[in-house]
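Worksheet: one structure, shown below.
Just so it is clear: chains get the letters A, B, ... in the order the sequence lines come, proteins before strands, and each one is counted from 1.
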Protein chains: 2
Amino acid sequence: MNDAPTRQRIVEAADQLFYRQGFEHTSFAHIAEVVQISRGNFYYHFKTKDQLLNAVIHARIANTQIMLDQWEVEGEGPTERIRSFIKILLMNQANIQHYGCPVGTLCSELAKLNHGSTEQANTLFTLFRTWLHRQFTLIGRHDDADELAMHLLARSQGVATLANAFHDPKFIQTEVNHMLDWLQTYSQSSTPS
Amino acid sequence: MNDAPTRQRIVEAADQLFYRQGFEHTSFAHIAEVVQISRGNFYYHFKTKDQLLNAVIHARIANTQIMLDQWEVEGEGPTERIRSFIKILLMNQANIQHYGCPVGTLCSELAKLNHGSTEQANTLFTLFRTWLHRQFTLIGRHDDADELAMHLLARSQGVATLANAFHDPKFIQTEVNHMLDWLQTYSQSSTPS
DNA sequence: GTCTATACTGAGATAGAC
DNA sequence: GTCTATCTCAGTATAGAC
């Protein structure tokens, strides 16, 4: 099924289970079952559950960076790139309806647990924030690039949360359209005053 | 400290702890400690943790309904009432930065736990949704009242999630202002085509 | 209605053989 | 690097005295 080194397979399985069931609710036993190893073997690779969480967060950070770099290369311009961001709501529609946003739900859970890795998880948000910031700056919104970045981030977060509660694909589509329209009003002013 | 019947004190303490620490992370021992009763006594009032959760959700539904009714009475018109909704982000600013939105975080957690009370918790969202729906209808937006309600709900959810991650009061204020501006564009068209 | 005592379970974590 | 066996502890839940 998967020939990757055990450590990596553990991280991948944990990543999925943390997303689908939450960090706290996911037990070593469950992960071990998915990876098809014994619980004992587990501790050869990760001494504690928190260590595993850190590995998962770092993997997510790396994967997110790769995705953002990809958008940077593929997108013809900043507006087109921001569109890529907005459209992940559609790309991951099914998962979002089932489990919410992987970033938002993890950060919320860790914040409640008062967990030491809360800030590490929040850097996932920061990754998107600074990337969007750069795109809006390129559009010419030097003064409010961060504000626009946060605004868009907040809107997609909200859509994910409600989509998770109401399971309504039409709602996601409608909100994505609104966000694309909203973006369009800024891209037209690409040569600012 | 609190002379209310024990059952009610348990529900109130659980409500707070579920909000601050999450449902799963909160133990009977912790609640019992807050309420100053023994763990054994606990089971006289609630046979299971799920029963307690249901009591908490119903208490929240009742309290939310009271708040919405209050806004209905106090607000001079639908626009003013919707402003009350938007401004809870400022009213509860401190709590939201610490613990996120009480509705959103509970629904997200229960969805991940695949918990039987997920739908019950989601009715909290529905309460706001239908209330906002009515206000937008009164403004004259008969055709897209629900869409506008969901849109506003989503935006406040997103703001709560990011405020929880970044702890930035200025961000909340900025977004609230944007929402109030957005609302204003609709209230002016109160006599629709 | 409230208490103490206790049973039962599952989870994180360790030791040591292979 | 992987396994089995085991420890410890916290959490839910029950029984029964007061």
Expressed as a whole number of angstroms, how long is the span from [X]:[atom1] to [N]:[atom2]?
| X | N | atom1 | atom2 | result |
| --- | --- | --- | --- | --- |
| B:Phe46 | D:dT12 | CZ | P | 14 Å |
| B:Gln51 | D:dT12 | CD | C1' | 13 Å |
| B:Leu53 | D:dT12 | CG | P | 12 Å |

*For the side chain of B:Glu109 and the backbone of B:Phe23, is there at least one donor-acceptor N/O pair under 3.5 Å apart?*
yes
*Among residues 16-31 of chain B, which residues get a heavy atom nearer than 4.0 Å to DNA chain C?*
none
_Parallel, tilted or perpendicular, as decided by the 30° and 60° cut-offs, for the rings of B:Phe166 and A:Phe125_ = tilted
_Residue pairs passing the side chain to side chain donor-acceptor pair (under 3.5 Å) test where at least one lies in residues 61-71 of chain B, sequence neighbours excluded_ = B:Gln65-B:Asp69, B:Gln70-B:Glu74
*asked:* Any salt bridge linking B:Arg9 with B:Glu12? Criterion: basic side-chain nitrogen under 4.0 Å from a carboxylate oxygen.
replied: no
*Is B:Glu80 salt-bridged to B:Arg83, going by a charged N under 4.0 Å from an acidic O?*
yes
*asked:* Taking side chain to side chain donor-acceptor pair (under 3.5 Å) as the definition, give me every residue that meets it alongside B:Asp15, ordered by chain and number, with sequence neighbours left out.
replied: B:Arg60
*Name all pairs fulfilling the salt bridge (charged side-chain N to carboxylate O under 4.0 Å, His left out) condition that reach into residues 121-134 of chain B, sequence neighbours left out, sorted by first residue then second.*
B:Glu72-B:Arg134, B:Arg129-B:Asp146
_B:Ile37 vs A:Gly40, nearer the 5' end of DNA chain C by closest nucleotide_ = B:Ile37
Please set out all donor-acceptor pairs under 3.5 angstrom arising from side-chain atoms of residues 36-47 of chain A, sequence neighbours excluded.
unit_1  : atom_1 : unit_2  : atom_2 : d
A:Ser38 : OG     : A:Asn41 : N      : 3.2
A:Lys47 : NZ     : A:Tyr43 : O      : 2.9

*Using chain B heavy atoms and a threshold of under 4.0 Å, write down where along DNA chain C the contacts begin and end, 5' to 3'.*
C:dG1 to C:dT4
